[in-house]
Amino acid sequence: MMLIKKRREMEALKLWTNLGSSLIALMAAWTMLEKYLPEQLRGIFTQHTQKLFSFLNPYIKIRFPELSGTSRYRRSEAYVMIHAYLTAHTSPAAKSLKASDTSKDGRSLVLSMDEDEEVSHVFRGVKVWWASRKTSPKAQSISLYPEDDEKRFYVLTFHKRDRELVVGEYMGHVLGEGRAIVAGNRQRKLYSNNPTRNWCGWSSVAFEHPASFDTLAMPMKVKEGIKKDLVKFSQGKSYYAKIGKPWKRGYLLYGPPGTGKSTMIAAIANFLNYDIYNLELTTVKDNSELIKLLLETTGKSIIVIEDIDCSLDLTGQRKSEKKKNSEDDSDSDDDSGGKSNKIVSKSLKEKEKENKSDSRVTLSGLLNFIDGIWSACGGERIIVFTTNYVDKLDPALIRRGRMDMHIEMSYCCFEAFKILAKNYLDIEEHSLFGRVKELLREIKMTPANVAENLLPKSVEDSEEKCLRNLVEALEKVKEEEDGKLKIEKKEKQWQWIKSVLG
Ligand SMILES: Nc1ncnc2c1ncn2[C@@H]1O[C@H](COP(=O)(O)OP(=O)(O)OP(=O)(O)O)[C@@H](O)[C@H]1O
Ligand SMILES: [Mg+2]
């Protein structure tokens with residue numbers, strides 16, 4: 001009985017194999033027929049042959065070309081994501097590999113599938129095949145960019161019964177994971193605008209600042225609030241679309257020098273994995289150059305204008321304009337043009353006069369940008385202004401809606417000191433902490449100064465020695481301040497005696 005069953009199975013298999021090979025032979029003969037057909041019939045013949053083959057072939061192929069349809073030079077986003085995904089997932093299975101750049105840490109090679117290599121992948125029990133392909137130009141041509149003539153693409157093959165799963169869930173998985181890998185591998189950049197005589201644009205270097213929110217010395221509650229706001233912003237694409245606002249957020253960081261404003265910007269960039277565009281306004285010729293620069297910025301970036309209070313000077317043409325308009329732009333809260341030259345209050349104008357910049361960027365030009373008129377192309381931008389003198393800034397520039405978050409970076413409190421002690425000395429408790437706490441309650445010292453005092457002066461310096469250095473520095477400041485207070489008090493008494501004596 002068993003033997004008969006086995007024989008029947010074998011016969012069935014043989015029949016299928018014979019049928020398969022006959023079909024292939026038939027298809028080959030059919031295709032060869034094409035050559036003997038008159039020219040007029042060949043088109044119809046090929047069309048019907050393809051229909052017949054696709055009817056018999058149960059597999060579907062999807063092609064993902066490297067270059068996007070709209071631009072000859074732009075890589076398709078889907079291709080980039082698939083490449084990242086395949087490099088991370090299927091390269092170990094591939095036998096023919098291509099070594100490209102080194103990884104982000106520079107320590108290992110990145111291996112990806114070589115051209116004409118194929119790998120299979122199983123997703124939820126469904127098998128798919130990926131192939132890396134390249135087409136070279138048929139005709140020999142001399143090109144300055146030979147690479148441009150090669151067309152690379154990936155081909156995904158799967159059974160037609162799995163179409164829904166593969167096109168939907170599987171491709172969603174591949175693109176999603178690929179996107180995350182690309183974002184993680186991206187070497188972030190720090191851009192700055194360096195104008196030459198005839199050119200204005202951005203130049204960049206790799207951004208490798210180690211600052212993070214963990215190492216930032218400031219009260220935990222403030223830090224958590226900022227982090228929450230940043231996460232909400234970065235995930236807010238649909239929210240911004242719904243309310244019809246450009247996807248951007250403004251942060252104003254203000255506080256005395258050395259309180260960590262620039263460090264905070266680096267921490268934000270690291271937290272969100274964004275690039276930084278450091279905009280030096282004094283070297284921007286005029287509003288149209290400002291627009292050009294801003295249009296060149298990419299999404300997922302932070303546009304920084306440091307020391308906004310001294311960023312726009314009032315020299316050159318603007319100075320004469322200012323004279324003409326001095327009556328008009330006195331105290332009006334009109335943002336559009338009247339205030340175009342007034343970015344800081346009068347007390348800072350002396351400082352501006354010293355600035356020899358030729359910039360003719362106006363406040364209204366800057367406001368237009370912040371309001372999103374020019375930044376509406378593309379999204380996910382954070383604009384950060386820093387200043388030491390928040391009170392001196394024009395209220396129009398920093399009103400809520402333009403600068404959504406106003407963050408005060410202040411003198412070092414005990415909570416901030418503990419973070420610095422952990423960063424610099426790797427300690428969380430010490431008997432001298434109590435004295436530091438007392439002194440920091442009375443003394444204003446910036447985190448930069450505290451950090452400087454905590455730094456070991458030589459390799460032999462113990463944590464205790466570093467803490468003592470800080471305590472001594474704080475006591476010295478206290479003595480000086482007490483001395484000043486005494487003198488002021490005596491001065492006041494003397495004034496009072498003089499006024500009583502007439
Ligand atoms: N809050 C802080 N947390 C950690 N480190 C800090 C902090 N503030 C200052 N520092 C340290 O002090 C140095 C100077 O700080 P930073 O340049 O960020 O200050 P700033 O507020 O931007 O000053 P300025 O107003 O002069 O530009 C930094 O390199 C950093 O090491
Ligand atoms: Mg700074």
Side-chain angles (χ1 to χ4, degrees), residues 190-193 205 207-227 229-230 250-271 274 276-283 302-312 343-344 348 351-352 354-355 382-393 398 403 405-428 436-437 440 443-457 466-467 469-470 473-474 477:
L190 169 65
Y191 294 87
S192 49
N193 55 316
V205 291
F207 175 71
E208 282 165 350
H209 200 294
S212 72
F213 275 101
D214 291 338
T215 58
L216 204 60
M218 61 191 296
M220 202 54 88
K221 213 171 136 197
V222 183
K223 262 203 282 196
E224 289 308 316
I226 299 168
K227 274 162 77 175
D229 189 76
L230 290 170
Y251 282 76
L252 172 73
L253 307 182
Y254 65 95
T259 47
K261 297 179 292 299
S262 304
T263 314
M264 162 77 88
I265 294 167
I268 294 176
N270 286 336
F271 183 67
Y274 282 10
I276 293 184
Y277 287 86
N278 200 3
L279 182 62
E280 182 49 69
L281 266 188
T282 50
T283 61
I302 307 175
I303 298 162
V304 180
I305 306 179
E306 290 257 29
D307 299 318
I308 184 78
D309 49 296
C310 6
S311 275
L312 291 190
I343 197 156
V344 292
L348 273 178
K351 194 173 176 181
E352 285 170 342
E354 287 162 21
N355 200 330
I382 289 178
I383 305 153
V384 181
F385 290 167
T386 72
T387 182
N388 299 139
Y389 309 95
V390 67
D391 300 337
K392 316 285 182 192
L393 292 179
I398 57 167
M403 288 292 114
M405 285 268 272
H406 293 196
I407 302 164
E408 182 178 9
M409 303 297 289
S410 194
Y411 293 103
C412 196
C413 59
F414 182 63
E415 205 181 340
F417 154 78
K418 276 179 48 174
I419 297 169
L420 291 174
K422 177 91 184 78
N423 293 348
Y424 285 80
L425 307 174
D426 205 15
I427 52 170
E428 290 180 40
V436 174
K437 191 174 181 178
L440 283 178
I443 300 299
K444 280 181 179 170
M445 188 178 266
T446 62
N449 272 343
V450 172
E452 189 60 32
N453 284 304
L454 282 179
L455 259 184
K457 305 285 175 291
C466 298
L467 280 173
N469 288 344
L470 174 66
L474 284 166
V477 178

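Throughout, numbering of the chain's residues begins at 1 and tracks the sequence. Order of appearance sets the numbers: ligands from 1, and atoms from 1 within every ligand.
- Taken to the nearest 0.5 Å, the CG atom of Leu470 stands 5.0 Å off from the CG atom of Leu454.
- Taking every non-hydrogen atom of Pro257 and a distance limit under 4.0 Å, the qualifying atoms of ligand 1 come out as 23 (O), 24 (P), 25 (O), 26 (O).
- Considering each of Thr263, Ile419, Leu455, Thr387, the one bringing a non-hydrogen atom nearest atom 15 (O) of ligand 1 is Thr263.
- Residue contacts with ligand 1 include Tyr424, since one of its heavy atoms falls under 4.0 Å from the ligand.
- The CG atom of Asn449 sits 9.5 Å away from atom SG of Cys412, with the distance rounded to the nearest 0.5 Å.
- Less than 4.0 angstrom separates some heavy atom of Lys261 from each of these atoms of ligand 1: 18 (O), 19 (O), 20 (P), 21 (O), 22 (O), 23 (O), 24 (P), 25 (O).
- For the Mg ion (ligand 2), protein N/O/S neighbours under 2.8 Å (waters excluded) are Ser262 OG.
- Under a 4.0 Å criterion applied to the non-hydrogen atoms of Leu216, ligand 1 contributes the atoms 3 (N).
- Looking from atom 5 (N) of ligand 1 to the surrounding protein, the closest heavy atom is Leu420 CD2, 4.1 Å.
- Rounding to the nearest 0.5 angstrom, the gap separating the CG atom in Leu252 from the CE atom in Met403 is 7.0 Å.
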Practice prompt. Quick one: do Lys418 and Glu415 satisfy salt bridge (charged side-chain N to carboxylate O under 4.0 Å, His left out)? Show the steps, please.
Written response: CA-CA 5 Å; Lys418 276 179 48 174; Glu415 205 181 340; over 6 Å; no
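- Rounding to the nearest 0.5 angstrom, the gap separating the OH atom in Tyr251 from the CD1 atom in Ile383 is 11.5 Å.
- When each of Thr386, Val390, Ile308, Asp309 is checked for a side-chain contact (heavy atoms from CB on, under 4.5 Å) with Tyr254, only Val390 meets the rule.
- Using a 4.0 Å cut-off between heavy atoms, Asn388 contacts ligand 1 through its side chain alone, with no backbone atom that close.
- In this structure, CZ on Phe417 lies 11.5 Å from NZ on Lys437, to the nearest 0.5 angstrom.
- Checking Asn193 against Thr283 by side-chain atom types alone, a donor-acceptor pair falls below 3.5 Å.
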Practice prompt. Evaluate the side chain to side chain contact (heavy atoms under 4.5 Å, CB included) criterion for residues Val384 and Leu253: first the C-alpha distance (whole Å), next the side-chain angles of each, then the deciding distance (0.1 Å), finally the verdict.
Written response: CA-CA 7 Å; Val384 181; Leu253 307 182; 3.9 Å; yes
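- With respect to atom 17 (O) of ligand 1, the closest heavy atom belonging to the protein is Ser262 CB, 3.8 Å.
- Atom CG of Leu440 and atom CZ of Phe414 lie 8.0 Å apart (nearest 0.5 Å).
- Summary of contacts: the protein heavy atom closest to atom 23 (O) of ligand 1 is Gly258 N, 2.9 Å.
- Of the candidates Ala217, Ala451, Ala266, Gly255, it is Ala217 that places a heavy atom closest to atom 2 (C) of ligand 1.
- Within 6.0 Å of the NZ atom in Lys457, the count of heavy atoms belonging to other residues, nucleotides or ligands exceeds 12.
- Geometrically, ligand 1 and Gly260 share a nitrogen or oxygen pair separated by less than 3.5 Å.
- Assignment of Thr215 to the shell around ligand 1 is supported, since a heavy atom sits closer than 4.0 Å.
- With no hydrogens or angles considered, no side-chain donor-acceptor pair links Asn423 and Thr215 at under 3.5 Å.
- A donor-acceptor pair shorter than 3.5 Å can be found between the side chains of Ser262 and Glu306.
- Looking only at heavy atoms of the protein, atom 6 (C) of ligand 1 is closest to Pro447 CB, 4.2 Å.
- Among protein heavy atoms, the minimum distance from atom 13 (C) of ligand 1 is reached at Ala448 CB, 4.1 Å.
- Distances between N or O atoms of Asp307 and those of ligand 1 include no value under 3.5 Å.
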